Protein chains: 2
Amino acid sequence: MSQHRHPGAPGRAGAVPTLPDLPEATVARLPEYLRALHNLADAGHETVSSEGLSAAAGVNSAKLRKDLSHLGSYGTRGVGYDVALLIEQIEYVLGLTQRRAVALVGVGNLGHALAGYDGFASRGFRIAALLDADPSRVGEEINGLVVRHVDDLPTVAAEESLAIGVIATPAAAAQQVADQLVAVGVTSILNFAPCVLSVPEGVDVRKVDLAIELQILSFHEHRKASLTALPATGGTALTALPGGFAATDTQEAIGT
Amino acid sequence: MSQHRHPGAPGRAGAVPTLPDLPEATVARLPEYLRALHNLADAGHETVSSEGLSAAAGVNSAKLRKDLSHLGSYGTRGVGYDVALLIEQIEYVLGLTQRRAVALVGVGNLGHALAGYDGFASRGFRIAALLDADPSRVGEEINGLVVRHVDDLPTVAAEESLAIGVIATPAAAAQQVADQLVAVGVTSILNFAPCVLSVPEGVDVRKVDLAIELQILSFHEHRKASLTALPATGGTALTALPGGFAATDTQEAIGT
DNA sequence: CGCGATTTGTGCACGTCTTCACAAGCGCCT
DNA sequence: AGGCGCTTGTGAAGACGTGCACAAATCGCG
Ligand SMILES: NC(=O)c1ccc[n+]([C@@H]2O[C@H](COP(=O)([O-])OP(=O)(O)OC[C@H]3O[C@@H](n4cnc5c(N)ncnc54)[C@H](O)[C@@H]3O)[C@@H](O)[C@H]2O)c1
Ligand SMILES: NC(=O)c1ccc[n+]([C@@H]2O[C@H](COP(=O)([O-])OP(=O)(O)OC[C@H]3O[C@@H](n4cnc5c(N)ncnc54)[C@H](O)[C@@H]3O)[C@@H](O)[C@H]2O)c1
């Protein structure tokens, strides 16, 4: 087929190569593939088929192949993918060839856990600074890092090239912290506070919200419960009537 | 249009009412709306327009209206939505009318933070048990709860009706813990360990993986860097972004 | 060297999600 | 009562994501 030209990570430094512009859904899965690949590499595998890798990553194999095809053609038909090469490619695309510096703001309950987490280091990141607004926390040492005052952010940013800011403060402080991070040039933020952040264009925000995850699970529990609670009514088991309403409309096709 | 009949939460107990079967994407956003609504209620608002609520939740207003329309017709044209009513409806649909019991397995670094988190209680959940495999942790008291041994899970499950299991153990132990949870009847799991869990059909698993979030941010950093490094190609420098982002939301620049 | 077994890469069809745009409905004011 | 401005609810269109199914490519072996 049309020969691919994707630049790849190849040692070649110098010019900034073009990045294939990947579908968001693919980007979100690459880290999963990467983790699975590292496991395979550790287990001594040199190559892996799309079937094998997709099973390890918990996805459909066709989807995996399509995802990888966006990066270029790095598999060998009849054989599979070279594990080491694929790791290199994915890490390149994800921008993990440089160890990115992370600033963690809010060293409370959650912040402490994050600060002590070795998953940062092992996956391409480096905690460059711990920051908090509480004077009584400033100066505390965690894992070899000293907590500094959040107002020192400009100084920290001057010392290090901060790539990502992590917000682990109460929701009430999150927007202000985000503003401070943006002010010193941070363009990627991971927000643990349960609130919406407003940031300028060009700044990416991702959020992790425990309560949302639980509530989504709760919904499915609720749904499962209401289904099993019904007597097995033929095919369409969803017809139980509420208080006393006409069972009208709703285009939703129910049942099988 | 055709009048809606969605059962809703209305005090009427007794029969199990039908749940509208919502699109997954909608389910994932309802918790956000709920949070925004609580904020609005606390601020004294009695009604809110789709425009106002969508701004507070950080989404497109048309999307919000469509999402809410799946629940039934709870707005008033020309006026907006009744905040209290909408809260009630969403909480009903999400199954939050009953406070669900959560079992937290793995009381280490992260587990401690979770155990001490008040966001559980304030959002409709209750930590029913803390469990760990390490004998030296068993017996420790956190926030009024005593850590029990993970092998006591069957006993715990017999005492309480566990709705959700949270796994905060190392990845190597996660699958085994998941099996134990499933064995005692848990059908919803929130997994913090960076690994794929395999569970029987009917069991829902959601995962939270810090490294994945960071790596996705890293990708965008990488992309942004390679773009700005390029000579201004064409006028539209900032148009790169497509419109919609997948279910696992990413918020890109909101606000002004 | 040719053949069959294997596995990738992808065209295509289908389902889901997003967004626009607007008619229908509601409250209020005159 | 009637009209006006505001807001919801939704049809339709398009963007996006998924998964099947298969041709093309590669390897190993006789
Ligand atoms: N603890 C958890 O398990 C958990 C889980 C999910 C989400 N969260 C969220 O994470 C956030 C932190 O939770 P926590 O339990 O660690 O709370 P916490 O109160 O223990 O810690 C918050 C820390 O932020 C600091 N802080 C406050 N304002 C600040 C500011 N303007 N600048 C810098 N630092 C500031 C405080 O001094 C404190 O150290 C909250 O938004 C919470 O909702 C926590
Ligand atoms: N610490 C963080 O900030 C953080 C962030 C994201 C993800 N994670 C992930 O969360 C998990 C826990 O991280 P941590 O830092 O708390 O680790 P940790 O080692 O501090 O704690 C793990 C706990 O699990 C317990 N455990 C081990 N095997 C068990 C079993 N079979 N049954 C029950 N309990 C068992 C251990 O005794 C320990 O108390 C890890 O998978 C980690 O990758 C941690």
Side-chain angles (χ1 to χ4, degrees), chain A residues 1-6 20-30 33 45-55 57-83 85-86 89 248-253 256, chain B residues 1-6 20-30 32-33 45-55 57-83 85-86 89 239-252:
Chain A
M1 298 299 86
S2 49
Q3 74 236 23
H4 280 272
R5 63 78 230 271
H6 286 313
D21 67 347
L22 309 172
E24 231 358 77
T26 296
V27 174
R29 282 187 296 264
L30 288 181
Y33 303 155
H45 293 72
E46 297 205 341
T47 64
V48 63
S49 69
S50 64
E51 206 65 47
L53 181 54
S54 69
V59 304
N60 177 302
S61 72
K63 184 152 51 178
L64 175 125
R65 287 198 297 278
K66 186 151 293 184
D67 282 341
L68 295 186
S69 77
H70 290 297
L71 309 188
S73 203
Y74 294 116
T76 307
R77 293 172 193 227
V79 177
Y81 298 91
D82 181 292
V83 173
L85 175 60
L86 203 46
Q89 287 305 323
T248 44
D249 76 282
T250 317
Q251 15 104 261
E252 309 293 355
T256 311
Chain B
M1 293 296 82
S2 47
Q3 75 235 26
H4 278 272
R5 65 78 230 269
H6 285 313
D21 67 346
L22 309 172
E24 246 336 275
T26 296
V27 174
R29 283 186 295 264
L30 288 181
E32 308 251 25
Y33 303 154
H45 292 73
E46 299 204 340
T47 65
V48 64
S49 69
S50 65
E51 206 64 49
L53 182 53
S54 69
V59 304
N60 178 303
S61 72
K63 182 151 55 178
L64 175 125
R65 286 198 299 277
K66 184 147 291 186
D67 283 341
L68 295 186
S69 76
H70 290 298
L71 309 188
S73 204
Y74 295 116
T76 306
R77 296 175 192 225
V79 178
Y81 299 91
D82 181 292
V83 173
L85 175 62
L86 203 47
Q89 287 304 323
T239 324
L241 304 178
F245 282 71
T248 341
D249 61 340
T250 299
Q251 98 185 56
E252 166 87 14

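On a predicted model such as this, the values are computed, not experimentally measured, just so you know.
- For the pair A:Leu64 CG and C:dT7 P, the interatomic distance rounds to 14 Å; values are reported in whole Å.
- With sequence neighbours excluded, the residues satisfying side chain to side chain contact (heavy atoms under 4.5 Å, CB included) with B:Ser49 are B:Glu51.
- In this structure, the nucleotide among C:dT19, D:dT18, C:dT8 sitting nearest to the side chain of A:Tyr81 is C:dT8.
- Rounded to whole Å, the distance from NZ on A:Lys63 to C1' on C:dC12 is 17 Å.
- Side chains of A:Leu86 and A:Tyr33 form no contact here, defined as non-hydrogen atoms less than 4.5 Å apart.
- Scored by the side chain to side chain donor-acceptor pair (under 3.5 Å) test, B:Glu24 finds A:His220 as partners (sequence neighbours excluded).
- Residues B:Thr76 and B:Thr47 have side chains not in contact (no heavy-atom distance under 4.5 Å, counting atoms from C-beta outward).
- The side chain of A:Ala25 lies closest to D:dG17, out of D:dG9, D:dG17, C:dC17.
- Between B:Leu68 atom CG and D:dT8 atom P the separation is 9 Å, expressed in whole Å.
- Contacts with DNA chain C (heavy atom under 4.0 Å) in residues 48-55 of chain A: A:Ser49, A:Ser50, listed by number.
- Shortest non-hydrogen contact noted between A:Tyr74 and A:Leu85 is CD2-CD2, 4.2 Å.
- Here the shortest heavy-atom pairing between A:Pro20 and A:His70 reads CB-O, 3.6 Å.
- Note on A:Ser73: a side-chain N or O is less than 4.0 Å away from OP1 or OP2 of C:dG9.
- Taking atom CG of B:Asp67 as the reference point, atom P of D:dT10 lies 13 Å away to the nearest angstrom.
- By the salt bridge (Lys or Arg N to Asp or Glu O under 4.0 Å) test, A:Arg29 is found to be paired with A:Asp67, residues two or more places apart in sequence or in another chain being considered.
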Nucleotides 20-22 of chain C: which of its N/O atoms have a protein N/O under 3.5 Å away?
unit_1 : atom_1 : unit_2  : atom_2 : d
C:dA21 : N6     : B:Arg65 : NH2    : 3.3

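- Put simply, CG on A:Asp82 is 15 Å from C1' on D:dT26, counting in whole angstrom units.
- When all heavy atoms of A:Tyr81 and A:Gly75 are compared, the closest pair comes out as CD2-CA, 3.4 Å.
- Overall bending of the helix from C:dC1-D:dG30 to C:dT30-D:dA1, expressed as the angle between end axes built from five pairs apiece, is 10° (10° steps).
- For A:Arg77, the listed nucleotide lying nearest its side chain is D:dT26; candidates were C:dC17, D:dG9, D:dT26.
- Here D:dG17 is the nucleotide among D:dG17, C:dC17, D:dT18 with the atom lying nearest to any side-chain atom of A:Pro23.
- Protein atom CG of A:Leu22 is 14 Å distant from nucleotide atom C1' of D:dG17, rounded to whole Å.
- Positionally, the nearest nucleotide of DNA chain D for B:Val79 lies more toward the 5' end than for the other of B:Val79 and A:Thr76.
- In this structure, B:Leu71 places its CG atom 12 Å from P of D:dT10, rounding to the nearest Å.
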- Task: Report the C-alpha separation of A:Leu22 and A:Leu30 in whole Å, then their side-chain angles, then the decisive distance to 0.1 Å, and conclude whether the side chain to side chain contact (heavy atoms under 4.5 Å, CB included) test is met.
- Result: CA-CA 10 Å; A:Leu22 309 172; A:Leu30 288 181; 3.7 Å; yes
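- Across the protein-nucleic acid pair, B:Leu85 atom CG and D:dT8 atom P stand 14 Å apart, rounded to whole Å.
- Considering CG of B:Asn60 and CZ of B:Arg65, their distance stands at 8.0 Å, rounded to 0.5 Å.
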